[in-house]
Amino acid sequence: MTVEVDTANKIIDALRRYQEADDAMHARARDSSSMSDNEIRIIQFLLNAARSDDRVTPTTLSKHLGVTSASMTALLDRLERAGAIERVRHPSDRRSLVITATPFAEQTVGAPVMAFQQAIRQIAADLTDVEHAAVVRFLDRLTGAMDDTGHPAPR
């Protein structure tokens with residue numbers, strides 16, 4: 001086996017382990033919160049937006065998840081009944097709503113997500129500038145490759 005193939009296999013194996021750990025973390029979040037994956041993704045998006053003081057509308061969430069407005073309404077209805085989100089009138093556009101996560105959502109979904117993000121920050125802080133640039137470049141190229149392989153080849 002050549003060095004390049006061995007290195008690629010080690011990277012593929014590390015990515016598989018990461019994906020398995022990510023799947024397990026999401027399964028724990030689903031179990032502890034009784035939320036679906038899309039509901040958890042909504043809460044994560046809302047919590048990240050809140051840290052940036054960004055206002056999130058149902059349309060923004062629909063685009064983020066790639067779901068119809070009807071599906072988003074159903075998801076938001078369920079999250080609101082569970083006490084995980086609040087819908088409030090947009091301060092400058094009375095026709096629009098702003099969606100925010102509640103303290104309940106922060107405790108059930110937010111706490112483990114924030115802990116993981118803090119771990120990522122610590123791991124990233126331990127990287128040199130060259131390592132950091134290599135990781136970002138590698139992940140950007142993986143994202144591009146995933147986007148490219150997700151579309152049928154032109155005829």
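Note that these values count all heavy atoms, side chains included, but never hydrogens, waters or copies made by symmetry.
No side-chain heavy atom of Thr7 sits less than 4.5 Å from a side-chain heavy atom of Glu4. Looking at Met35 and Leu79, their side chains come closer than 4.5 Å, going by heavy atoms from C-beta outward. Residues Leu142 and Leu15 are in side-chain contact: their nearest non-hydrogen atoms beyond the backbone lie under 4.5 Å apart.
Residues Leu65 and Val109 fall within the same hydrophobic cluster, defined by Ile, Leu, Val, Met, Phe, Trp and Tyr side chains chained together at heavy-atom separations under 4.5 Å. Tracing side-chain contacts under 4.5 Å through hydrophobic residues (I, L, V, M, F, W, Y), one reaches Ile120 starting from Tyr18; they form part of the same cluster. One hydrophobic cluster holds both Leu76 and Leu47 under the rule that ILVMFWY side chains link at heavy-atom gaps under 4.5 Å.
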Compile the donor-acceptor pairs under 3.5 Å between side chains in residues 129-139 and protein atoms, sequence neighbours left out, one pair per line.
from	atom 1	to	atom 2	distance (Å)
Glu131	OE1	Thr128	N	2.8
Glu131	OE1	Thr128	OG1	3.4

Table please: side-chain donor-acceptor pairs of residues 66-75 below 3.5 Å, with sequence neighbours left out.
from	atom 1	to	atom 2	distance (Å)
Thr68	OG1	Ser71	N	3.1
Thr68	OG1	Ser71	OG	3.1
Thr73	OG1	Ser69	O	2.9

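Identified under the ring-ring contact (aromatic ring centres under 6.0 Å, His included) test for residues 107-129, with sequence neighbours left out: none. Applying the salt bridge (charged side-chain N to carboxylate O under 4.0 Å, His left out) definition to pairs two or more places apart or across chains, those involving residues 63-89 are Glu39-Arg78, Asp77-Arg87, Glu80-Arg87. The stretch residues 95-114 participates, sequence neighbours left out, in these side-chain hydrogen bond (donor to acceptor under 3.5 Å, both in side chains) pairs: Asp93-Arg95. Among residue pairs with one or both ends in residues 37-73, those qualifying as ring-ring contact (aromatic ring centres under 6.0 Å, His included) are Phe45-His64; sequence neighbours excluded.
In this view, Thr143 and Asp147 satisfy the side-chain contact (heavy atoms from CB on, under 4.5 Å) rule, not counting sequence neighbours. A search for salt bridge (charged side-chain N to carboxylate O under 4.0 Å, His left out) contacts involving Asp13 returns Arg16, Arg17, not counting sequence neighbours. Remark: Gln118 engages no residue in a side chain to side chain donor-acceptor pair (under 3.5 Å) (not counting sequence neighbours). Arg30 meets the salt bridge (charged side-chain N to carboxylate O under 4.0 Å, His left out) test with Asp37; sequence neighbours excluded. Listed by chain and number, the residues in a side chain to side chain donor-acceptor pair (under 3.5 Å) with Ser92 are His90 (sequence neighbours excluded).
To the nearest 0.5 Å, the span separating NE2 on His26 from CD1 on Ile40 amounts to 6.0 Å. The distance from the CG atom of Leu46 to the CG atom of Leu61 is 5.5 Å, given to the nearest 0.5 Å.
Applying the under-4.5 Å side-chain rule to Ile, Leu, Val, Met, Phe, Trp and Tyr, the cluster around Val98 extends to Val88.
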